[in-house]
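One structure is given here, and the rest of the page talks about it.
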Amino acid sequence: LWPWLLASSGLSALLQLVTLPFFPDSPSYLLIQKGNEEACRKAIRKLWGEGDHQAEIDDIMKEKGAVASTKTLRVLEVLKERSLRWQLYILLIVMTTLQLCGINAIYFYSFEVFHTAKFEEYLIPYVSLGVGLCECLSSILCSTLIDRFGRKVLLWGGYLLMSSVLALLTTTLSLQHRFFWMHYFSVILIFLFVVFFGIGP
């Protein structure tokens with residue numbers, strides 16, 4: 001089954017490859033990068049239908065002016081620029097915590113946890129698939145929550161809940177040989193961790 005599941009991702013890639021030539025170019029790309037206003041108007045009509053779209057073209061022209069007046073910085077210039085220092089720190093912290101938050105360890109050891117929880121061998125791949133599906137669904141849920149609560153709340157809340165779940169998971173894995181029900185609690189915590197990861201970071 002796994003070879004078919006892996007091959008299924010190729011179907012979406014093939015679908016995109018076949019349909020991509022029929023999609024119009026981005027109007028902003030055509031006007032800002034290519035400087036072709038007529039192609040931009042044609043792309044806008046194709047995307048939004050006939051009508052007066054001068055307001056949209058004016059917005060793109062303002063964007064073009066802003067891009068032209070902005071200096072492109074090299075990597076070393078970004079690192080030396082004082083006005084960008086805090087944004088750079090925040091970006092580094094977010095990316096570092098994303099890599100070290102424990103999601104890779106959860107995916108790596110989940111098979112062993114499921115095996116210890118006495119799941120049948122043939123069921124474990126489906127449970128692992130359920131974990132991946134949980135992350136996918138929670139990421140979709142995040143896209144609806146981000147407008148309501150904001151990115152900062154979701155990041156703080158996600159990391160706080162993930163830390164709590166990891167602390168509980170460490171406890172349940174330590175006690176799994178004393179209490180038979182701890183295995184199942186560990187499985188629930190793995191699912192919760194993945195959900196909080198998808199909603200937060």
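A quick note: this is a predicted structure, and the numbers were derived from the prediction, not measured. For the single chain, residues carry numbers from 1 onward in sequence order. Values below: all heavy atoms of this structure, side chains included; hydrogens, waters and symmetry mates excluded.
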Going by atom types only, do Tyr107 and Glu135 share a side-chain donor-acceptor pair under 3.5 Å? yes
Glu112 atom CD, over 12 foreign heavy atoms within 6.0 Å: no
Residues two or more places apart in sequence or in another chain: which of them pass side chain to side chain contact (heavy atoms under 4.5 Å, CB included) with [X]?
X      : value
Ser164 : none
Gln87  : Leu84
Ala39  : Leu30, Asn36
Gln16  : none

Looking at every non-hydrogen atom in both residues, tell me the closest pair between Gly35 and Lys64 and how far apart they are. CA-NZ, 4.3 Å
So do Leu173 and Leu169 actually touch side chain to side chain, heavy atoms under 4.5 Å? yes
Side chain to side chain contact (heavy atoms under 4.5 Å, CB included) assessment of Arg41 paired with Lys46: CA-CA 9 Å; Arg41 288 180 186 279; Lys46 193 170 183 181; over 6 Å; no
Glu38: what forms a salt bridge (Lys or Arg N to Asp or Glu O under 4.0 Å) with it, not counting sequence neighbours? Arg45
Could you list the residues that satisfy salt bridge (Lys or Arg N to Asp or Glu O under 4.0 Å) with Glu81, not counting sequence neighbours? none
Look at the side-chain heavy atoms of Ile, Leu, Val, Met, Phe, Trp and Tyr, link any pair under 4.5 Å apart, and say whether Tyr126 and Leu133 land in one connected group. no
Should side-chain heavy atoms under 4.5 Å link Ile, Leu, Val, Met, Phe, Trp and Tyr, which residues sit in the same cluster as [X]?
X      : value
Trp156 : none
Ile60  : Leu31, Ile32, Ile44, Leu47, Trp48, Ile57, Met61
Trp86  : Tyr89
Phe108 : Tyr109

What distance do [X] atom [atom1] and [Y] atom [atom2] have between them, rounded to the nearest 0.5 Å?
X      : Y      : atom1 : atom2 : answer
Leu141 : Ile146 : CG    : CD1   : 11.5 Å
Lys80  : Leu76  : NZ    : CG    : 5.5 Å
Arg74  : Leu79  : CZ    : CG    : 13.5 Å
Cys40  : Glu56  : SG    : CD    : 10.0 Å
Leu123 : Ser128 : CG    : OG    : 10.5 Å
Phe114 : Ile124 : CZ    : CD1   : 8.5 Å

Please set out all donor-acceptor pairs under 3.5 angstrom arising from side-chain atoms of residues 94-106, sequence neighbours excluded.
{"residue": "Thr96", "atom": "OG1", "partner": "Leu92", "partner atom": "O", "Å": "2.6"}
{"residue": "Thr97", "atom": "OG1", "partner": "Ile93", "partner atom": "O", "Å": "2.8"}
{"residue": "Thr97", "atom": "OG1", "partner": "Val94", "partner atom": "O", "Å": "3.0"}
{"residue": "Thr97", "atom": "OG1", "partner": "Tyr159", "partner atom": "OH", "Å": "3.0"}

Please table the atom pairs, donor to acceptor, closer than 3.5 Å between any side-chain atom in residues 178-200 and protein atoms at least two apart or in another chain.
{"residue": "His183", "atom": "NE2", "partner": "Gln176", "partner atom": "O", "Å": "3.4"}
{"residue": "Ser186", "atom": "OG", "partner": "Thr172", "partner atom": "OG1", "Å": "3.0"}
{"residue": "Ser186", "atom": "OG", "partner": "Met182", "partner atom": "O", "Å": "3.0"}

Taking Thr171 for its side chain and Ala167 for its backbone only, find out whether a donor-acceptor pair lies under 3.5 Å. yes
